[in-house]
Every structure is written in structure tokens, then in C-alpha cells.
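Here's the structure we're looking at; comments come further down.
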Amino acid sequence: MSKMTMTQKILAFHAGLESVTAGQLILANVDMVLGNDITSPVAINEFERLGTGRVFDKKRVSLVMDHFVPNKDIKAAEQTKKCRIFADDMGIENFYDCGETGVEHALLPEKGLVTAGDIVIGADSHTCTYGALGAFSTGVGSTDMACGMATGKAWFKVPEAIKFVLTGKPKGWVGGKDVILHIIGLIGVDGALYKSMEFTGDGVKNLTVSDRLCIANMAIEAGAKNGIFEVDEQTIAFLEEVGAKKPVVYKADEDAVYEREIVIDLSKIEPTVAFPHLPENARTFDAIGDIKIDQVVIGSCTNGRLEDFIIAADIMRGKKVAKNVRTIVIPATQKIYLECMQLGLLKDFIEAGAAVSTPTCGPCLGGHMGILAKGERAVSTTNRNFVGRMGHPESEVYLASPAVAAASAITGKISRPEEVAGDKD
Amino acid sequence: MNVNGKALKYGDNVDTDVIIPARYLNTSDKKELAAHCMEDIDKDFVKKVKQGDIMVAGKNFGCGSSREHAPIAIKESGISLIIAQSFARIFYRNSINIGLPIVECEAAANEINESDSVEMNFETGVIKNLTTGKEYQSEPFPAFIQSIIEAGGLVSAVKSGKF
Ligand code: SF4
């Protein structure tokens, strides 16, 4: 009689219940509690008020310093210091700072800290990324993080779900970013408010794990509580390679109840760009026109993985970025940075005239490392283009794939990858 | 419990980046956060907000980042209640968890105008626009959430052994 979605099954198991239904409030055990250099200091204050004096499990708390790292100013340094001292006092093993760190949602999967079937809560809205690996993961606030660190539990309202049936295979330079921008354009920034987005169908196998991480990452941009992919051999192979815990695979019941079902033919998706100031303002090149840009950012938890830089380098290799277009390339983790170096991609970027940075969130949230002045425009592979997100309240951010961002860096205006690099073989 | 104040009105999809821009997130000091509250969407907010005022907004209020700094900045600036058509879910959770009352009520969110005098009774869920005389019934909080609010937020609820 269970009739549960993937998400509902994971929640039921972690709440010790046989079944749950949408709308039910539950208290569930969590497998990992995550925080960063912005949210952890607030959580530490709350944790201290709780007075438990210890975290529920030293191995199941991750503190990742990424937003303002390397510390951009004295205040940021104080915040990181507070986290470092806390991690030391509590014996937290997964504390990552400058030199070891990476953007949290790229780092956790890479370190094997998340596996299929897990519940992960993180005091960062893009915690939903790990749904790509078949986990239930969702963003919470600092107070939830504090209570999670102390008790290993969190409260949830069981969500209903929208089922996305993916078919076909993306063509040419189209990747995960185009797919998710297309979907958000379709359903809107509150199209999945409070709900799960469950991705299934034949087309899933035509998306790499990296594509899936990018898609699940932006589930929050449709208002979703989580995004989750059905686990397949690619997921299992990835989890084995990174040395994650043994996966537990949950499949939706055949008769699971969905709020609605949306079929997406991946082969029909075109390179897509989200115009300011909302990710739902998705446009394809027939409606883009001539838009001159001042900056390009390639990186972040959305598109800062090795696959993204391989694509960008394929487009930029042997060419020069347009005059006065600041092009900033930020590998999301130290490992990705190293791999980019070993493959010679950093050389490609530097010779093309791009600045390459150590891992950081930096410009993605208008923190540092590439802030926009009044009236400036950026094409960015990040996930948000809200007012003032990358700098001045009158600057503009256009969200795009690494392929579109790289092509745009070369031409100086928002451009199709084919225009610069021809068809992808 | 009753709250009563003047309405400050905003539109749809007010995101946490405009509620408290990232450039101020290198601190967790409540007063400092409140000093920059709503700066990128309403430069005068800090000057005009008075203790007890009520924020009224459209759909998906608080979307974007999970920063608890956003509801903290709003609460610290003196706002006693937010009424919106709908809230982004992390913002909703965070507000409950820190004890900032927020309520979804489409009709009230649509019809209340800037500067109207508004009152809400938390026991009954009734919102009253004292300027126009109109009343609205909002959905009362589920018991589980009410117990968090009654305890004075999630931390106190956990401390008192409710979890
Ligand atoms: S890269 Fe951007 S979206 Fe991702 S965690 Fe950092 S600030 Fe947030």
C-alpha cells in the first residue's frame, strides 16, 4: 500500500516509519550535516545555546570554508577562525579550509561523503545537489544546522513530487545546464515550491553524473525542496570511484502519486540562457540578439567540475578572449584544479587571456574575485542572477552553460558555441 | 498574541540577496545585518521601518540563498510579521526556527496597501486591515510548528526535550 515517491521512501526509512504521505510532518535521522563559512558561524552560536557540548557524530558533520576563501577581509578571516576553532574543539574530521577546500557541493561528492539513500541537510540552499546521486538532500538554515549537529535529526514536511520523465539525448554542446534552465523556464521559479523534482526515464542514461549534479543543483531555483535522480550504473560507478559508503537504492513505487508529470525530450533542448534577474527568464538564441558583455565567470557548484572545463577549453583553445572581457575561470575544488593543470587546460585558459583562480565561491555571490560595476553585464555558469548577485545592484548576470560562457568570452557578446567552435563531434 | 503595525509592501520573488546582500555576510552581528536590510530593493527601508511594522509581499518571498541572516535582519529591524502569498521553503523554515512569525494569505497579501494599519491575532489566524476594515482568515499553524513557536524557536524546543 505504500505508493511512495523516491523522496518519500528515503524520508520514511530515516523516520523509522513504514510509510509517509505528502504533508506529514516527521522527525528524521540525518546522515550528514553541512555548513559553510557564512552559515556555520551563526549555527555555532545557536549550537552553543543548546549546550550539548558535543556534536552527534564527528564524522557526520562537514564544515567547508568556501564563500570568502581565501579570506577576503578581516571579518571573513574572523568567521573562518571561529569555524576552525569549533571544528578543533569538537573533533570534526571534515573541516576544509584554504588549500584543501573546494566549493562545498563539488567537494562533498568528490570526497565520497554522500551516497545514494542518504539524508543530507546543509545550511546552504544548493545542498539539493546531492539528489544527483540518489540522496535526499536539502538546504536548511543555521538553526536547523545547529540542531542537526547536536541531535543528528531534523524536522521535515513530507513533500509531494513532480515527475520529470526524460527521453532522448542532448545534442551538440547542450548539457545539464541547458536542461535545467529549460525546465525552470518552463515551470517558473516557484514552479516546484515545497515539492520534490524526481528525474526518471530513458534519457537519464544520456546525462553524465556531472550533468545530473548541475541539474539537481538548480532544483532550488524552481523553489523545490529537493531534486533527485533515479540511481543507475553510472551513479554506482561514480560512488565506487570516490569511495562513498555502500549505496542504498530507492525506487519510486509503480503507483506512486505525483502532483504532475512532465516529459522532457532532451534531444529538443537548445543552448539556453537565463536573462536578468530571475533564472526563469530562459531564452534560446532565436530570442537573444546582440548583447555585449564585460565579464565571464566559469565555475561554481553548478558548473565548476572537470567536465565543464574540458568543454570550455575545447572552445577557447588557441583563441583570445575579446578585449575588455574579464574572463575568470574557477575550478571548484583543489582536485579539479590539479586535474585541469595535468590536462593542460589551465594553459589553454591563460593563453586565451583568462584569469584562473584557486577554488572559491567568490564572484558567484558577489563576494570577491570579480565583482561587477554599475551597468556591467556578465555571462556566468553559476546559478543565480538576482539583482546585485554579482556586484552593483544595477549590474546584470546572464546564466549559461560552460560552452556558451566560453564562446561568449571569445566574441565579447552572448554567443552560441557553434559560432566559435563549430559543431561538437 | 496580537501584532499590530503599518504595512510595508513588496512584490513577487523578493530574494534573500536583496533582503541582505552577500557583501554584508562577513558578519553575523544582528544589528549590523539589520542596518543593511532590504538595501538593494528599498534603500529607504531602514529609515522608514518602525518597531512592530508588518511586511506584505507577493509570491515566493525569501527565495534564493538559505542565509538565516535574511529573516534575522528582518526581525532585528523591528518587523513583527510577514504576510505573503507564498514563501520560499527555506526562508519559511528559518523564520519559524528563529521565531519570526510569517503567514501565507493570498487575499490579504493582494489587498493590503502600503502604509495600511494591520493587525493579526495568532490564536485565531485572523488578519485585520484597520485602514479599510477588511478581515481575512489565514490558515493557523500546524500543531508541530506551533510547538516550535511556543517554545520560542527550534533551539529552545530542542533544549526543552521536545525533540
Ligand atoms: S558556488 Fe555560488 S551557489 Fe554554489 S555554494 Fe558557492 S555561493 Fe552558493
Side-chain angles (χ1 to χ4, degrees), chain A residues 25 27 38-39 41-43 45-47 49-52 67-68 72-76 78-79 82 122-127 138-147 150-151 153 155 157 159 188-190 193-194 220-221 223-225 277-278 280 365-367 371 384 386-389 391 393, chain B residues 12-19 21-30 32-33 39-41 43 58-72 85-99 142-145 147-148 153-159 161-163:
Chain A
L25 283 151
L27 193 62
I38 289 180
T39 56
V42 181
N45 291 344
E46 295 305 307
F47 180 87
R49 274 179 55 208
L50 278 163
T52 57
H67 282 63
F68 296 148
K72 72 158 181 153
D73 56 21
I74 295 169
K75 283 183 176 171
E78 294 293 345
Q79 302 227 81
K82 183 174 179 135
D124 189 279
S125 56
H126 294 102
T127 303
T138 192
V140 296
S142 295
T143 297
D144 282 308
M145 178 189 168
C147 296
T151 64
K153 293 182 197 299
W155 65 271
K157 190 166 175 184
V189 290
D190 62 349
L193 197 61
Y194 305 123
I220 177 75
E221 258 53 72
K225 180 173 211 132
H277 290 284
L278 283 176
E280 71 183 12
L365 79 160
I371 306 302
R384 289 200 172 123
F386 300 152
V387 170
R389 176 73 178 179
Chain B
D12 291 341
N13 300 313
V14 172
D15 61 78
T16 54
D17 277 288
V18 295
I19 296 172
R23 57 184 180 277
Y24 304 119
L25 295 183
N26 54 3
T27 181
S28 54
D29 183 86
K30 292 180 183 176
E32 248 181 272
L33 293 172
E39 193 173 287
D40 285 356
I41 186 172
K43 273 203 298 302
K59 59 177 190 167
N60 204 23
F61 186 91
C63 62
S65 144
S66 69
R67 59 189 71 152
E68 207 159 290
H69 312 66
I72 290 174
Q85 283 177 28
S86 64
F87 292 93
R89 60 159 285 276
I90 304 179
F91 185 88
Y92 187 87
R93 249 186 118 87
N94 287 346
S95 301
I96 300 294
N97 285 345
I98 66 161
F144 190 87
I145 288 180
S147 76
I148 296 177
L154 185 63
V155 166
S156 310
V158 169
K159 254 178 122 167
K162 281 207 168 126
F163 279 76

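So you know, we letter chains A, B, ... as the sequences are listed, proteins then strands, and number each from 1.
Side-chain polar atoms of B/E32 and B/H69 form no donor-acceptor pair below 3.5 angstrom.
Contacts of B/F87 with chain A are made by both backbone and side-chain atoms, with heavy-atom separations under 4.5 Å. For a residue to count as touching a neighbouring chain, one of its non-hydrogen atoms must lie under 4.5 Å from one of that chain's; by this rule A/L25 touches chain B with the side chain only. Heavy-atom distances place the side chain of A/Q79, and not its backbone, under 4.5 Å from chain B. In this structure, the portion of A/L193 lying under 4.5 Å from any heavy atom of chain B is its side chain and not its backbone. If you measure heavy-atom distances from A/I74 to chain B, you find no contacts under 4.5 Å at all. Contact annotation for A/L365: both backbone and side-chain heavy atoms come within less than 4.5 Å of a heavy atom of chain B. For B/I41, no part lies under 4.5 angstrom from a heavy atom of chain A. Looking at A/R49, both its backbone and its side chain come within 4.5 Å of chain B, counting heavy atoms on both sides.
Residues satisfying the side-chain hydrogen bond (donor to acceptor under 3.5 Å, both in side chains) test with B/R67, not counting sequence neighbours, are B/D17, B/S65. Residues satisfying the side-chain contact (heavy atoms from CB on, under 4.5 Å) test with A/K72, not counting sequence neighbours, are A/F68, A/A76, A/H368, B/N26.
When the candidates A/S125, A/G367, A/A146 are compared by the number of heavy-atom contacts under 4.5 Å with chain B, A/S125 comes out ahead. For the set B/N13, B/D15, B/N94, the entry with the most heavy-atom pairs within less than 4.5 Å of chain A is B/D15. Looking only at heavy-atom pairs under 4.5 Å with chain B, the residue among A/I371, A/D144, A/I38 that has the most is A/D144. Counting heavy-atom pairs closer than 4.5 Å to chain A, the top residue among B/G153, B/P21, B/A22, B/S86 is B/A22. Contact count versus chain A (heavy atoms, under 4.5 Å) is highest, among B/T16, B/T27, B/V18, for B/T27.
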Go through the steps for B/D40 and B/R23 under the test salt bridge (Lys or Arg N to Asp or Glu O under 4.0 Å), then give the verdict.
CA-CA 11 Å; B/D40 285 356; B/R23 57 184 180 277; 2.7 Å; yes
List the steps, then state whether side chain to side chain contact (heavy atoms under 4.5 Å, CB included) holds for B/D12 with B/N60.
CA-CA 6 Å; B/D12 291 341; B/N60 204 23; over 6 Å; no
Decide side-chain hydrogen bond (donor to acceptor under 3.5 Å, both in side chains) for A/T138 and B/R93; before the verdict, give the C-alpha distance in whole Å, the side-chain angles of both, and the deciding distance to 0.1 Å.
CA-CA 12 Å; A/T138 192; B/R93 249 186 118 87; over 6 Å; no
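Within a 6.0 Å sphere centred on NZ of A/K157, heavy atoms belonging to other residues, nucleotides or ligands number 12 at most.
Under the 4.5 Å side-chain criterion, counting only non-hydrogen atoms from C-beta, A/R389 is not in contact with A/H277. For the pair A/T39/B/E68, no side-chain contact is recorded, criterion being any heavy-atom separation below 4.5 Å from C-beta on.
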